[in-house]
Colleague: 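Sharing a structure below in structure tokens format, with a few things to ask.
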Protein chains: 2
Amino acid sequence: MARSKIDDTELLDRISDVFRRYGYEGTSLSRLTEATGLQRASLYHRFPGGKEEMAEAALTGVDASFVEDILAPLSESGEPTGRVRQTAKRLMAFYDEGKKACLLDTMSLGDKGDPPRAHVRASFEAWIAAMTKIAREAGFTPAMAKRRAEEALVQIQGALVFSRASGDRKPFERAIAALPDLLTGADR
Amino acid sequence: MARSKIDDTELLDRISDVFRRYGYEGTSLSRLTEATGLQRASLYHRFPGGKEEMAEAALTGVDASFVEDILAPLSESGEPTGRVRQTAKRLMAFYDEGKKACLLDTMSLGDKGDPPRAHVRASFEAWIAAMTKIAREAGFTPAMAKRRAEEALVQIQGALVFSRASGDRKPFERAIAALPDLLTGADR
DNA sequence: GTCTATAGCTTGATAGAC
DNA sequence: GTCTATCAAGCTATAGAC
């Protein structure tokens with residue numbers, strides 16, 4: 001019998017957390033056993049592909065919850081600015097006010113041929129697409145909409161790096177606060 | 001006598017490059033021997049403190065050349081906007097058009113207590129101070145000047161993450177192009 | 001100042017008991 | 001489904017010859 005000590009989503013959450021903090025290379029099975037409470041062999045039972053499969057699963061899982069929870073308001077109905085405000089609020093919680101790093105950032109270190117690179121790229125593009133779409137709805141030309149979406153991503157990623165390196169969370173708060181105007185506001 | 005196979009600055013450059021690409025944990029002595037052409041023991045002869053001392057040296061070295069080469073124009077004389085343009089141009093080369101990551105970013109992964117964290121923090125602050133100073137000269141209030149400096153850093157770091165994760169260098173080019181106006185231009 | 005050789009630990013991964 | 005025990009390969013670091 002020996003039923004699961006930990007359910008699948010909780011397990012994946014903890015695994016993702018380790019990858020998010022330490023990156024792909026910095027994540028060891030020891031850290032994963034410590035974070036999950038499962039021994040090496042148990043982790044391999046759930047992820048026969050080992051560390052690489054866990055990294056892929058982490059990216060897939062985080063990506064899914066990001067699309068469903070954070071980007072979802074952008075695809076609903078209602079006034080664009082209000083919807084971006086919803087997304088901004090959820091981004092704030094998702095990154096724990098700037099204290100948590102972005103998995104896409106920490107996973108993109110190392111050689112170009114590293115396991116999760118294609119995955120990271122695709123997630124990035126999904127993020128941009130969703131933000132471009134709402135900027136379009138707000139009246140921007142396709143080119144300007146895409147550009148604003150990219151700017152939004154740049155600001156958030158940059159603020160997260162800033163936060164991690166300096167310990168000062170204010171730039172992240174500002175980046176989040178600026179989001180509604182950036183994606184749906186008038187020309188600056 | 002067995003003179004140096006490689007001079008100190010060239011050696012440090014290659015070491016810094018490895019840390020920049022792989023981060024602290026992702027940097028192994030094997031990668032360092034490969035990048036430098038020196039065997040393990042030779043690296044330990046030059047850096048008795050091992051990997052940790054090499055990381056510190058990399059941060060110190062990059063920091064010094066960054067202050068002397070990239071931030072220098074900001075402290076010279078002449079019209080502020082022109083000086084920021086000089087710095088922008090050198091940033092472009094320093095990060096190889098967005099292809100190279102920032103050492104401060106890749107070194108700030110992992111536990112808060114990791115070796116180089118204090119160092120990273122200090123470098124970040126020096127960067128902000130230099131940019132704040134020139135924004136002050138351009139006429140901004142102290143608070144606004146600091147804010148613009150932080151925004152500049154956020155945009156550059158964010159664009160570098162973007163570049164690394166997506167492969168698209170345009171946002172980095174835009175961030176660099178926007179720098180003079182951001183630090184010395186009129187209110188947006 | 002560089003090298004080869006090696007110590008001792010940690011890594012990712014597997015075998016097999018329960 | 002989880003565990004202990006184990007493997008070969010990698011790791012950081014050191015000793016000692018030249």
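The sequence lines fix the lettering, A, B, ..., with proteins before strands; numbering per chain opens at 1.
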Colleague: Output yes when at least one side-chain N/O atom of B/S42 is less than 4.0 Å from OP1 or OP2 of C/dC3, else no.
Modeller: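 Indeed, a polar side-chain atom of B/S42 lies that close.
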Colleague: Can you tell me the distance, in whole Å, between the CG atom of A/L11 and the P atom of D/dG1?
Modeller: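 Value for this atom pair: 12 Å.
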Colleague: State, without any angle test, whether A/S163 and A/R169 hold a side-chain donor-acceptor pair at a distance under 3.5 Å.
Modeller: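 A donor-acceptor contact under 3.5 Å links the two side chains.
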Colleague: Are A/F162 and A/F172 close enough that their ring centres sit under 6.0 Å apart?
Modeller: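 Centroid separation for A/F162 and A/F172: 6.0 Å or greater.
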Colleague: Can you build the contact string for nucleotides 8-13 of chain D? Use B for base contact, S for sugar-phosphate-only contact, and - for no protein heavy atom under 4.0 Å.
Modeller: ---SBB
Colleague: Under the side-chain hydrogen bond (donor to acceptor under 3.5 Å, both in side chains) rule, what pairs show up with a residue in residues 134-144 of chain B, not counting sequence neighbours?
Modeller: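 Every pair satisfying side-chain hydrogen bond (donor to acceptor under 3.5 Å, both in side chains) with a residue in residues 134-144 of chain B: B/R83-B/E137.
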Colleague: Starting at CG of A/L43 and ending at C1' of C/dG12, how long is that distance when rounded to a whole Å?
Modeller: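 In whole Å, C/dG12 C1' and A/L43 CG are 12 Å from each other.
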Colleague: Specify whether A/F19 and A/Y24 have parallel, tilted or perpendicular ring planes, treating 30° as the upper limit for parallel and 60° as the lower limit for perpendicular.
Modeller: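 A/F19 and A/Y24: parallel rings.
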Colleague: Measure from CD on A/Q39 to P on D/dC3 and round the result to the nearest Å.
Modeller: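 Checked: the CD to P distance equals 5 Å.
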Colleague: Applying salt bridge (Lys or Arg N to Asp or Glu O under 4.0 Å), run through B/E151 and B/K146 and close with a yes or a no.
Modeller: CA-CA 9 Å; B/E151 262 181 61; B/K146 184 175 176 233; over 6 Å; no
Colleague: Before accepting this row, confirm whether a basic side-chain N of the pair B/E10/B/K5 lies closer than 4.0 Å to the acidic partner's carboxylate O.
Modeller: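 Answer for the salt bridge query: no.
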Colleague: Has B/H45 got a side-chain N or O lying under 4.0 Å from the OP1 or OP2 atom of C/dG1?
Modeller: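 True: B/H45 side-chain N/O within range (under 4.0 Å) of C/dG1 OP1/OP2.
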